[in-house]
Amino acid sequence: MKKDGNNYNVTKYEWDPIKQHYANDKSIRNWLVQCAGCHTTGYDTQTQTFKELNIGCEACHGPGGKHVTSKNKSDIVIDESSEGCGYCHIRATQVGGKYNFPVGYVLGKPETLKYDPEPYTSNASFFPDKTTKRHREQYLDVKTSKHYTAGTTCVSCHSPHDAGTVTVYPVSGLSPEFADRSVAIFDGGKVTGYSAWSGSGLKMPKESLCKSCHGSVSEYHNHSYTDAAKKAAITCTDCHMPDVINVNSKLRGALTTHNFKSLSPENSIKYGADVMPNSCTYRCHQDKGADKTARANWALSAMGPAAATTTSAATTTAPATTTKAPAFELLFAVGALFIATFVRRR
């Protein structure tokens with residue numbers, strides 16, 4: 001980002017966390033119109049000014065002056081709805097306006113979240129079965145899930161005040177685990193270090209989180225596991241929240257899906273395995289065929305036809321824009337703060 005007078009422009013460079021380099025083919029973008037709503041605190045679209053750069057307490061809790069004086073919880077907004085996170089963790093624009101983010105959300109009032117969603121026809125943003133495939137789209141997935149209908153919200157699984165740690169490493173000291181998912185720090189045209197994020201802000205380890213609510217689900221659900229698979233510490237999320245977004249050379253993705261559906265091999269065959277991954281072979285069972293299609297066919301024959309996860313072709317071509325004020329229980333996850341730390345908004 002570069003400041004030009006009273007304007008802030010996003011340069012043509014954008015960090016690619018998988019290829020580990022800055023692409024330089026992006027258009028120059030007006031940061032105040034494209035990004036500021038979710039990368040500042042207290043942004044005013046009328047004046048295009050903000051109170052604080054990045055995400056401060058008041059971005060989620062609203063003005064806190066009275067609370068600071070009284071120390072009473074009643075004097076601060078505590079928004080535990082999915083919309084409270086979703087108004088930023090979303091790929092959508094202002095309704096009928098110019099801003100590249102929802103405008104007008106009132107903290108604590110989920111029904112006020114209005115937006116024009118990214119259309120399902122966008123191949124860059126959605127897999128063919130309408131599962132999201134880019135950053136800042138979690139809310140669009142969540143809205144289609146049974147968890148949302150049941151009243152589960154982001155904070156059912158995530159602690160918004162414990163979102164992991166960002167560590168800065170020298171050029172020669174980057175931890176191996178972050179070798180292909182870090183961000184280069186440039187100074188004077190040279191790489192002077194790397195920053196890396198660790199953590200997802202989950203309230204408990206993911207191995208336990210699902211079972212804390214889904215206690216009646218059998219250990220290995222509806223198909224058998226070999227002894228080798230059991231030793232691999234496979235969890236619910238490996239199938240129901242596969243990390244198929246921004247996948248690196250080790251078949252590890254930067255983000256997971258958030259509709260909590262297992263991606264079926266049936267859809268890989270239906271839409272093409274090169275464009276539609278499935279939970280069985282996106283990382284596991286790589287020895288079951290010479291290519292993605294062969295592996296998807298193997299998975300389909302091994303498990304039997306899975307229930308397709310697609311929505312009927314007759315449905316709308318964009319995620320629903322209506323809102324619902326949910327209660328909150330347990331189980332769902334949104335990759336909070338990763339976006340602000342690692343990925344520049346488009």
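Side-chain atoms are counted along with the backbone in the values below, which use heavy atoms only and exclude waters and symmetry mates. Throughout, residue positions are numbered sequentially from 1 according to the sequence presented.
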>> Could you check whether any side-chain N or O of Thr40 sits under 3.5 Å from a backbone N or O of Gly37, counting only pairs where one atom can act as donor and the other as acceptor?
In response: no
> So, for Pro128 and Val275, which heavy atoms are closest and what is the spacing to 0.1 Å?
Replying inline: CD-O, 3.5 Å
>> In terms of relative ring orientation, are His214 and His147 parallel, tilted or perpendicular, with 30° and 60° separating the classes?
In response: perpendicular
> Would Tyr43 end up clustered with Val103 when hydrophobic side chains under 4.5 Å apart are linked, directly or stepwise?
Replying inline: yes
> Is the backbone of Leu263 close enough, under 3.5 Å, to the side chain of Ser279 for a donor and an acceptor to pair up by distance?
Replying inline: yes
>> Does either side chain, that of Asp129 or that of Thr131, offer a donor lying less than 3.5 Å from an acceptor on the other one?
In response: yes
>> Please determine whether side-chain contact (heavy atoms from CB on, under 4.5 Å) holds for the pair Arg91 and Arg134, giving the CA-CA distance in whole Å, both sets of side-chain angles, and the decisive distance to 0.1 Å.
In response: CA-CA 9 Å; Arg91 190 169 291 275; Arg134 296 173 76 184; 3.4 Å; yes
>> Could you see if Ile28 belongs to whatever hydrophobic cluster contains Val10? Use Ile, Leu, Val, Met, Phe, Trp, Tyr and a side-chain cutoff under 4.5 Å.
In response: no
>> What I'd like to find out is whether the side chain of Arg283 reaches to under 4.5 Å of the side chain of Asp238, using heavy atoms alone.
In response: yes
> Do the side chains of Thr112 and Tyr87 get nearer than 4.5 Å, heavy atoms only?
Replying inline: no
>> Run the side-chain contact (heavy atoms from CB on, under 4.5 Å) test on Tyr139 and Cys85 for me, step by step, so that the C-alpha distance in whole Å, both residues' side-chain angles and the decisive distance to 0.1 Å come before the verdict.
In response: CA-CA 8 Å; Tyr139 181 73; Cys85 301; over 6 Å; no
>> Under a plain distance cut-off of 3.5 Å, with no hydrogens placed, do Tyr99 and Gln48 share a side-chain donor-acceptor pair?
In response: yes
>> Taking Val95 as the starting point, is it possible to reach Ile90 by hopping between hydrophobic residues whose side chains are less than 4.5 Å apart?
In response: no
>> Between Tyr105 and Asp79, do the side chains contain a donor N or O and an acceptor N or O under 3.5 Å apart?
In response: yes
> Between Tyr8 and Phe50, how do the two ring planes meet: parallel, tilted or perpendicular, split at 30° and 60°?
Replying inline: tilted
> Can Asp141 and Thr257 be counted as having a side-chain donor-acceptor contact under 3.5 angstrom?
Replying inline: no
> How far apart are the C-alpha atoms of Arg295 and Asn278, what are their side-chain angles, what is the distance that settles it, and do they pass the side-chain contact (heavy atoms from CB on, under 4.5 Å) test?
Replying inline: CA-CA 10 Å; Arg295 292 191 287 271; Asn278 66 81; over 6 Å; no
>> Counting only heavy atoms from other residues, nucleotides and ligands, does the tally under 6.0 Å from NZ of Lys73 exceed 12?
In response: no
>> Run Val247 and Tyr282 through side-chain contact (heavy atoms from CB on, under 4.5 Å) and show every step you take.
In response: CA-CA 10 Å; Val247 177; Tyr282 76 99; 5.9 Å; no
> Can you tell me if His67 uses its side chain to pair, donor with acceptor, with the backbone of Asn72 under 3.5 Å?
Replying inline: yes
>> Less than 6.0 angstrom from the centroid, inside 45 degrees of the normal: does Lys133 satisfy that with respect to the ring of Phe126?
In response: no
> Can you name the closest pair of heavy atoms from Thr41 and Gly56 and give their distance?
Replying inline: OG1-N, 2.7 Å
